[in-house]
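Each chain gets a letter, A, B and so on, in the order the sequences are listed, and its residues count up from 1.
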There are 2 protein chains.
Amino acid sequence: MFKLSKKADYGLIAVKHLAMHRQQHACSANEIAEEYGISATLMAKVLQKLAHHSLVVAKHGSSGGYQLAKEPGQISALDVISAIDGPVLITSCVTNHGNCDATERCSVKEPLRRVNESILNVLSTVTISQMSEEPHEPALVALSAPARSGSHMSST
Amino acid sequence: MFKLSKKADYGLIAVKHLAMHRQQHACSANEIAEEYGISATLMAKVLQKLAHHSLVVAKHGSSGGYQLAKEPGQISALDVISAIDGPVLITSCVTNHGNCDATERCSVKEPLRRVNESILNVLSTVTISQMSEEPHEPALVALSAPARSGSHMSST
DNA sequence: TATACTAAGACTAGAATAGTCTCATATCCA
DNA sequence: TGGATATGAGACTATTCTAGTCTTAGTATA
């Protein structure tokens with residue numbers, strides 16, 4: 001369909017949790033998982049991926065856990081999502097070199113590429129610190145930002 | 001992940017095709033499928049769904065086929081996508097009444113709802129006639145449009 | 001009436017996702 | 001030093017979703 005994976009969802013929850021507890025000790029995967037009623041092993045996997053992409057730092061050992069690697073204002077929703085699910089591409093055709101088998105004939109490729117860019121733009125505009133604000137704030141969505149930044153696709 | 005289904009993709013292709021041939025006779029599912037190298041039965045299914053949602057009209061009998069039900073400028077990408085895949089919801093939490101099992105605790109629901117709205121906004125801005133324009137046009141993407149229209153979620 | 005088409009929906013196969021389990025490694029503290 | 005508690009990594013399973021097929025029925029035209 002057109003849906004965020006649950007893992008990406010969990011990733012956002014975890015990062016937001018860490019953002020709200022960053023003054024304190026590191027949070028373990030167990031701790032976070034319990035708080036939101038999510039499987040602990042699954043949450044651990046998600047956090048591992050985030051650590052891999054340097055969004056969080058892991059601290060081994062007892063009383064270890066995870067902490068944010070950057071300021072919450074420096075982490076976008078796109079960072080988290082693409083760390084977990086890979087690059088955000090609304091169709092398989094829109095990759096740089098990527099070609100569906102009907103590249104020649106496919107007539108919607110280019111328009112969709114542009115739609116994809118707009119979506120990346122939205123996702124990269126939303127930061128974790130914005131997500132932690134109360135909803136009555138305008139918060140979102142600098143939709144008026146320049147459409148072509150082109151710097152997002154890079155992850156993976 | 002975060003991907004358009006192939007069926008939705010095919011739907012866009014079909015609608016665009018019909019937009020470009022609307023002066024002429026009705027196009028059969030077979031005809032369109034062949035042109036783009038897609039399974040004919042699958043294309044038929046896709047067109048049926050589009051007909052169901054009154055985006056195209058079906059003409060039975062020999063020399064029948066499909067024709068657009070509206071002007072290409074009146075049909076948005078969102079119309080086509082949600083006709084085929086159902087409403088566009090980036091998480092299962094963001095439905096009107098919809099609640100994940102952790103509604104109380106889930107902290108990302110509201111921010112994601114707002115992201116979802118922005119994406120709907122982008123998709124509803126792109127019309128089939130825009131998709132038929134040549135890429136060197138500015139075409140896309142009235143990103144500066146007001147972020148909160150809220151009128152989209154209704155389809156299905 | 002025969003033919004060429006759509007309508008509808010059950011069905012199957014395969015891929016993607018969610019989630020589990022196990023073992024290894026690092027750190028802290030008694 | 002050794003046990004407890006963390007993460008790291010990757011194989012594994014189960015379930016759900018998607019793509020695609022097939023079959024039967026209905027409808028318009030010639």
**Request:** Check the distance between D:dT18's P and A:Phe2's CZ and give it to me in whole angstrom.
**Result:** 13 Å
**Heavy-atom side-chain proximity of A:Cys27 to A:Glu35 below 4.5 angstrom** = no
**Prompt:** A:Thr41 has a side chain; which of D:dA9, C:dT20, D:dT21 sits nearest to it?
**Reply:** C:dT20
**Message:** Looking at every non-hydrogen atom in both residues, tell me the closest pair between B:Gln67 and B:Arg22 and how far apart they are.
**Reply:** NE2-O, 4.3 Å
**Message:** Check the phosphate of D:dA19 against B:Tyr10, side-chain N and O only, distance under 4.0 Å to OP1 or OP2. Yes or no?
**Reply:** no
**Request:** Grab the two heavy atoms, one from B:Leu112 and one from B:Ile90, that are nearest each other, plus how far apart they are.
**Result:** O-CD1, 3.6 Å
**Asked** How many Å lie between CG on A:Leu50 and P on D:dG8, as a whole number?
**Response** 11 Å
**Request:** Starting from C1' on D:dG20, measure out to NZ on B:Lys6 and report it in whole angstrom.
**Result:** 10 Å
**Prompt:** How far does the helix from C:dT1-D:dA30 to C:dA30-D:dT1 bend, going by the axes of its first and last five pairs, to the nearest 10°?
**Reply:** 10°
**Request:** Can you check whether any acceptor in the base of C:dG9 is under 3.5 Å from a donor in the side chain of B:Lys45, or vice versa?
**Result:** yes
**Prompt:** Which of these nucleotides, C:dA8, C:dT20, C:dG19, is closest to any side-chain atom of A:Ser39?
**Reply:** C:dT20
**NZ/NE/NH1/NH2 to OD/OE distance under 4.0 Å, A:Glu117 and A:Arg114** = no
**Message:** Short of 4.0 Å, heavy atom to strand atom, which residues of residues 57-67 of chain B count as contacting DNA chain C?
**Reply:** B:Ala58, B:Lys59, B:His60, B:Gly61, B:Ser62, B:Gly65, B:Tyr66
**Item:** Selected nucleotide, minimal atom distance to A:Ser5 side chain, candidates C:dG19, D:dT21, C:dA18
**Value:** C:dA18
**Asked** If you find the nucleotide of DNA chain C closest to A:Ala40 and the one closest to B:Ser28, which residue's nucleotide is nearer the 5' end?
**Response** B:Ser28
**Fill in**
Whole-Å distance, B:His25 NE2 to C:dC5 P, equals 11 Å
**Request:** To the nearest Å, give me how far apart CE (A:Met43) and C1' (C:dG19) are.
**Result:** 13 Å
**Message:** Of the listed nucleotides (C:dG19, D:dG8, C:dA7), which one gets closest to any side-chain atom of B:Gln48?
**Reply:** C:dA7
**Message:** Tell me whether B:His21 contacts the main-chain N or O of B:His17 through its side chain, where contact means a donor paired with an acceptor under 3.5 Å.
**Reply:** yes
**Asked** Whole-Å distance between C:dA16 P and A:Ile84 CD1?
**Response** 19 Å
**Request:** Check B:Glu31 against B:His25 and note the closest heavy-atom contact, atom names and distance.
**Result:** OE1-CE1, 3.4 Å
**Prompt:** Donor-acceptor pair, B:Lys16 side chain versus A:Ser107 backbone, under 3.5 Å?
**Reply:** yes
**Request:** Answer with yes or no whether the hydrophobic clustering places B:Leu55 together with B:Met20; edges join I, L, V, M, F, W, Y residues whose side-chain heavy atoms lie under 4.5 Å apart.
**Result:** yes
**Prompt:** Just how far, in rounded Å, is C1' of D:dT18 from CG of B:Asp9?
**Reply:** 14 Å
**Message:** Over all strands shown, is B:Ala29 touching base, sugar-phosphate only, or nothing at heavy-atom distances under 4.0 angstrom?
**Reply:** sugar-phosphate
**Asked** Is there a donor-acceptor contact under 3.5 Å linking the side chains of A:Asp79 and A:Ser76?
**Response** yes
**Message:** Tell me the interatomic distance from B:Asn30, atom CG, to C:dT6, atom C1', rounded to whole angstroms.
**Reply:** 11 Å
